[in-house]
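Down below is the structure, laid out as structure tokens.
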2 protein chains.
Amino acid sequence: MKTCSSSYTCPVEATIHLIGGKYKAVILWHLRNQVLRFSELHRLVPKATTKMLTQQLRELESDGLISRTVYPVVPPKTEYALTEFGQTLLPVLESLCDWGTIYLEKISDADCSF
Amino acid sequence: MKTCSSSYTCPVEATIHLIGGKYKAVILWHLRNQVLRFSELHRLVPKATTKMLTQQLRELESDGLISRTVYPVVPPKTEYALTEFGQTLLPVLESLCDWGTIYLEKISDADCSF
DNA sequence: CGGAATCCTATATGATACTG
DNA sequence: CAGTATCATATAGGATTCCG
């Protein structure tokens with residue numbers, strides 16, 4: 001999962017390395033039009049444990065795709081948002097979403113009967 | 001890695017599940033404009049072991065994205081190609097490639113100095 | 001609330017050898 | 001050539017508990 005020092009043979013590989021994590025693309029997708037707190041994200045991605053969610057968020061952060069803002073209040077409050085650089089991913093995410101929609105239609109027809 | 005019976009909460013998740021594998025997007029990318037034999041693919045994706053390459057190819061095949069044609073000759077000859085459905089992924093792959101290119105420029109500037 | 005720490009298991013991946 | 005089989009390990013991922 002190290003991002004650095006990996007030499008990629010092609011750009012596609014690099015992008016997948018950044019957003020191909022189990023929940024990363026979904027997280028970015030949910031952040032596309034809103035700032036979200038940790039618990040809000042967790043509600044949107046319930047399959048992720050807090051550990052996984054934290055891990056993926058930290059990786060996205062260290063890759064410069066999202067920002068993490070901690071408010072020193074009680075109870076704690078943390079907000080996650082797309083960075084400017086993260087926003088450049090929006091066309092990619094939309095294309096993933098569009099194709100996924102078509103794919104889901106396709107398999108709901110066949111309904112996986114094998 | 002099971003594709004079936006996973007219920008996705010959002011289409012982005014579905015797409016990533018199909019092409020998010022370690023070498024899948026790269027394989028698809030290499031097949032975008034040509035038919036390739038196993039050994040040719042292996043040369044293009046040298047980091048993958050034969051086991052991994054086979055595995056990813058079989059998954060792509062069972063997801064209907066690529067076709068596998070075995071010619072009953074000696075020595076054996078197998079050709080992999082995008083299916084029609086696989087071709088619908090081309091815009092997605094291009095978008096992954098475009099963004100990856102920009103990303104690689106960005107990190108080659110900073111050169112990971114933290 | 002937003003995690004961190006620990007422990008544990010499952011899965012992914014690699015190395016190597018072998019085969020029709 | 002195009003894999004398969006087997007063994008070993010690394011990494012991902014989950015469950016649980018605890019804390020400021």
Side-chain angles (χ1 to χ4, degrees), chain A residues 1-9 13 16-27 30-31 34-63 66-81, chain B residues 1-9 13 16-27 30-31 34-63 66-81:
Chain A
M1 275 301 178
K2 284 293 154 51
T3 301
C4 267
S5 77
S6 308
S7 57
Y8 302 110
T9 56
E13 196 183 347
I16 285 297
H17 193 244
L18 284 197
I19 68 171
K22 198 163 183 180
Y23 306 106
K24 285 185 179 179
V26 183
I27 290 170
H30 284 305
L31 290 174
Q34 58 191 334
V35 171
L36 288 171
R37 301 178 60 166
F38 186 86
S39 54
E40 293 171 327
L41 268 171
H42 203 182
R43 231 168 291 125
L44 291 167
V45 192
K47 280 188 287 189
T49 59
T50 65
K51 179 183 163 187
M52 276 308 297
L53 191 53
T54 302
Q55 189 184 329
Q56 303 266 296
L57 286 168
R58 292 296 148 83
E59 287 182 18
L60 290 169
E61 187 192 0
S62 79
D63 286 329
I66 66 172
S67 63
R68 174 172 177 266
T69 310
V70 180
Y71 296 94
V73 296
V74 179
K77 174 177 174 179
T78 307
E79 283 185 346
Y80 293 93
Chain B
M1 275 301 177
K2 285 293 156 51
T3 301
C4 268
S5 78
S6 308
S7 57
Y8 302 110
T9 55
E13 196 182 349
I16 286 296
H17 193 244
L18 284 198
I19 69 172
K22 199 165 184 179
Y23 307 106
K24 285 185 180 179
V26 184
I27 291 171
H30 285 304
L31 291 174
Q34 58 192 333
V35 170
L36 288 172
R37 300 179 59 167
F38 186 86
S39 55
E40 294 171 325
L41 268 171
H42 203 182
R43 231 169 290 126
L44 292 168
V45 192
K47 282 188 289 189
T49 59
T50 65
K51 179 181 162 189
M52 274 309 297
L53 191 54
T54 302
Q55 189 178 48
Q56 303 266 296
L57 286 167
R58 293 295 148 84
E59 287 181 18
L60 290 169
E61 187 192 1
S62 79
D63 285 329
I66 67 173
S67 63
R68 174 173 177 264
T69 309
V70 181
Y71 297 94
V73 295
V74 179
K77 174 176 173 178
T78 306
E79 283 185 344
Y80 293 92

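Chain letters run A, B, ... following the sequence lines, proteins first and then strands; every chain starts at 1. Predicted, not measured: the structure shown is a model, and the values here were computed from it.
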(request) Using a 4.0 Å heavy-atom cut-off across all strands, classify A/Thr54 as base, sugar-phosphate, or nothing. (result) sugar-phosphate

(request) Give the rounded distance in Å between these two atoms: CG of A/Leu53 and P of C/dC1. (result) 14 Å

(request) Mark yes or no for whether A/Glu13, through its side chain, and A/Thr9, through its backbone, hold a donor-acceptor pair below 3.5 Å. (result) yes

(request) Please state how far atom CZ in A/Phe38 lies from atom C1' in D/dG20, giving the value in whole angstrom units. (result) 16 Å

(request) Decide yes or no for B/Lys24 and B/Leu18: does some side-chain heavy atom of the first lie under 4.5 Å from some side-chain heavy atom of the second? (result) no

(message) Does C/dG2 have its OP1 or OP2 closer than 4.0 Å to a side-chain nitrogen or oxygen of A/Arg37?
(response) yes

(request) Could you check which of D/dG3, C/dG14, C/dG3 has an atom nearest any side-chain atom of B/Tyr23? (result) C/dG14

(request) Would you tell me if any nitrogen or oxygen in the side chain of A/Thr78 comes within less than 4.0 Å of OP1 or OP2 on C/dG3? (result) yes

(request) May I ask you to evaluate whether A/Thr49 reaches the phosphate of D/dG13, defined as a side-chain N or O under 4.0 Å from OP1 or OP2? (result) no

(message) Of the options C/dG14, D/dG3, C/dG2, whose atoms approach the side-chain atoms of B/Met52 most closely?
(response) C/dG14

(message) Please report the distance, rounded to the nearest Å, between NE2 in A/His17 and P in C/dT13.
(response) 11 Å

(request) Could you tell me the separation between the CG atom of B/Leu53 and the CZ atom of B/Phe38, rounded to the nearest 0.5 Å? (result) 4.0 Å

(message) Below the 4.0 Å mark, does C/dA4 have OP1 or OP2 next to a side-chain nitrogen or oxygen of A/Arg58?
(response) yes

(request) Report the distance from atom CG of A/Leu57 to atom P of D/dG13, rounded to the nearest whole Å. (result) 14 Å

(request) Kindly say if A/Tyr80 contacts the phosphate of C/dG3, meaning a side-chain N or O under 4.0 Å from OP1 or OP2. (result) yes

(request) Compare the minimum distances between each of C/dA4, C/dG14, D/dG20 and the side chain of A/Pro76, then state the nucleotide with the smallest one. (result) D/dG20

(message) Return the CG to OG distance between B/Leu57 and B/Ser67, rounded to the nearest 0.5 Å.
(response) 11.0 Å

(request) To the nearest Å, give me how far apart NZ (A/Lys22) and P (D/dG13) are. (result) 5 Å

(message) Taking atom types as they are modelled, would you say the side chain of B/Lys51 forms a donor-acceptor pair with the base of C/dT13 within the 3.5 Å cutoff?
(response) yes

(message) Nearest whole Å is fine: how far is D/dG13 C1' from A/Gln56 CD?
(response) 10 Å

